[in-house]
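What follows is a short report on a single structure.
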Amino acid sequence: MPKTLLVKSRGRSTITHDERERRERAGIEPRSLLFEQVLNCDVLDENTLQGITGFRSRLYRHIPAFAAQAIEAAILSRSYDVVITWSERHSVATAAIFSLLRVKTPHLAMMFWLSKPAVRWPLRLCRGGVDRIVTWSSVQRDVAIRDIGFNAWDVELVRHPVDLQFFSPCDSQRSIIFSAGSTQRDYRTLAEAAKGMDTPVRIAASLVVALDKFKIVTTDVRLEPGWPDNFEVQSLTSLELRESYAAARAVVVPLLPTDIDAGVNVILEGMAMGRPVIATQTRGQVDVISDGDNGLFVPAGDAVALRVRLDALKDNPGFAEELGRRGRRYVEANHSLETFVEKIRESVEDLAIRPTKRRRSRKVSSKSPASS
């Protein structure tokens with residue numbers, strides 16, 4: 001197996017690696033560490049930076065963590081066969097450093113929001129610092145090729161994963177409407193649609209982010225006033241999240257108009273739990289739901305259409321359960337975590353034996369791998 005460095009953020013999590021591993025073994029957290037374990041990655045995250053001393057330590061305290069990680073990845077790159085970055089910020093920063101310094105180690109960038117101006121524009125300038133992109137959105141794959149200038153053979157579409165062991169159907173009273181997630185969410189349309197229903201609505205969310213023209217706006221929806229009486233908005237643990245899916249008469253993913261596949265995690269988790277999923281039909285949400293087959297679509301911002309769908313599932317529980325069963329069969333066939341990890345492993349092994357863009361001659365780089 002190639003020696004691999006994974007550059008990522010630990011996010012807002014305060015759980016140590018060992019504690020997370022214990023929780024995953026105990027079945028109380030989804031298996032987020034399977035990726036690192038199968039690929040045998042060394043991880044470069046914010047915790048890694050805290051162990052650095054001397055001049056680099058002083059430098060890193062004055063720049064954003066993702067930029068510091070990109071610099072550190074370049075320094076460490078000689079010891080690795082492949083460097084993987086997992087996020088837009090880490091991928092762009094690493095691409096810029098690798099391109100500037102002509103780092104020879106192959107760079108695999110895992111991204112889902114390439115159309116965002118803060119990603120698209122700088123990546124056009126430093127795309128030579130990326131050897132392959134993995135994305136799970138067909139729309140964003142097109143953006144990488146058409147708008148940023150990557151060759152088609154350098155952008156791999158891999159279906160988004162869900163942990164089918166952790167999220168699996170179970171018996172529960174179907175007593176709530178459930179929604180969750182943070183990116184491009186339109187919870188106000190859900191509130192308008194479900195206001196006055198005799199079914200409780202539970203939203204698992206805290207900070208919600210949305211792209212407003214060229215700026216990311218972050219809102220804590222727990223603090224927003226005016227939620228209907230049948231609504232509760234709160235953060236949930238992984239076990240509470242799973243219990244909420246199990247109790248859901250319907251899983252609703254209300255989205256603002258967007259060209260990314262916002263909501264894909266919740267859609268797949270709801271399907272994996274065997275629950276019927278209703279999602280906003282957006283430009284970017286095209287790769288998972290087949291309307292009326294494994295889930296249901298509603299137009300963006302249309303509270304009336306959403307209410308009609310919710311009432312239809314309530315009035316026809318047999319159809320709701322069948323929709324959930326179809327969703328579960330779909331994710332089993334297409335979105336398992338194991339298949340996702342295997343696809344990335346194959347890509348890493350392929351990159352490890354190919355010359356990078358920073359090593360290729362100009363003549364060779366104009367050809368596809370199949371013709372070179």
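Note that these values count all heavy atoms, side chains included, but never hydrogens, waters or copies made by symmetry.
- Between Arg185 and Val266, some side-chain heavy-atom pair lies under the 4.5 Å cut-off.
- The two atoms that bring Leu255 and Ala300 nearest to each other are O-CB, 4.5 Å, heavy atoms only.
- Contact check on Asp45 versus Arg10 returns no salt bridge, with no Lys/Arg side-chain nitrogen under 4.0 Å from an Asp/Glu carboxylate oxygen.
- Gly129 and Phe98 make their closest contact through O-CB, 3.9 Å (heavy atoms, listed as atom of the first residue, atom of the second, distance).
- Counting only N and O atoms by type, the side chains of Tyr187 and Glu224 include no donor and acceptor under 3.5 Å apart.
- Cys126 and Ala95 make their closest contact through O-CB, 3.7 Å (heavy atoms, listed as atom of the first residue, atom of the second, distance).
- For Arg358 against His107, the heavy-atom pair with the smallest separation is NH2-N, 4.0 Å.
- To the nearest 0.5 Å, atom OG1 of residue Thr4 and atom CG of residue Asn40 are 8.0 Å apart.
- The environment of CZ in Arg78 is sparse: at most 12 heavy-atom neighbours from other residues, nucleotides or ligands sit within 6.0 Å.
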Open item on the list: Could you walk me through whether Glu72 and Thr48 satisfy the side-chain hydrogen bond (donor to acceptor under 3.5 Å, both in side chains) test, starting with their C-alpha distance in whole Å, then the side-chain angles of each, then the deciding distance to 0.1 Å, before giving a yes or no?
Closed with: CA-CA 10 Å; Glu72 193 66 16; Thr48 312; over 6 Å; no
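- Annotation: side chain of Val288 is not in contact with side chain of Arg159 (no heavy-atom distance under 4.5 Å).
- Looking only at atom types and distance, the side chain of Tyr80 has a donor-acceptor partner in the side chain of Asp42 under 3.5 Å away.
- Counting heavy atoms from C-beta on, the side chains of Asp261 and Val139 never come closer than 4.5 Å.
- Taking 4.5 Å as the limit, some side-chain heavy atom of Ser172 sits within range of a side-chain heavy atom of Arg174.
- The aromatic rings of Trp136 and His160 lie perpendicular to each other, with more than 60° between the two planes, well past the 30° mark.
- Donor-acceptor pairing under 3.5 Å is recorded for the side chains of Arg61 and Ser57.
- Shortest non-hydrogen contact noted between Arg202 and Phe178 is O-CD1, 3.2 Å.
- No salt bridge links Glu36 with Arg20; every basic N to acidic carboxylate O contact stays at or beyond 4.0 Å.
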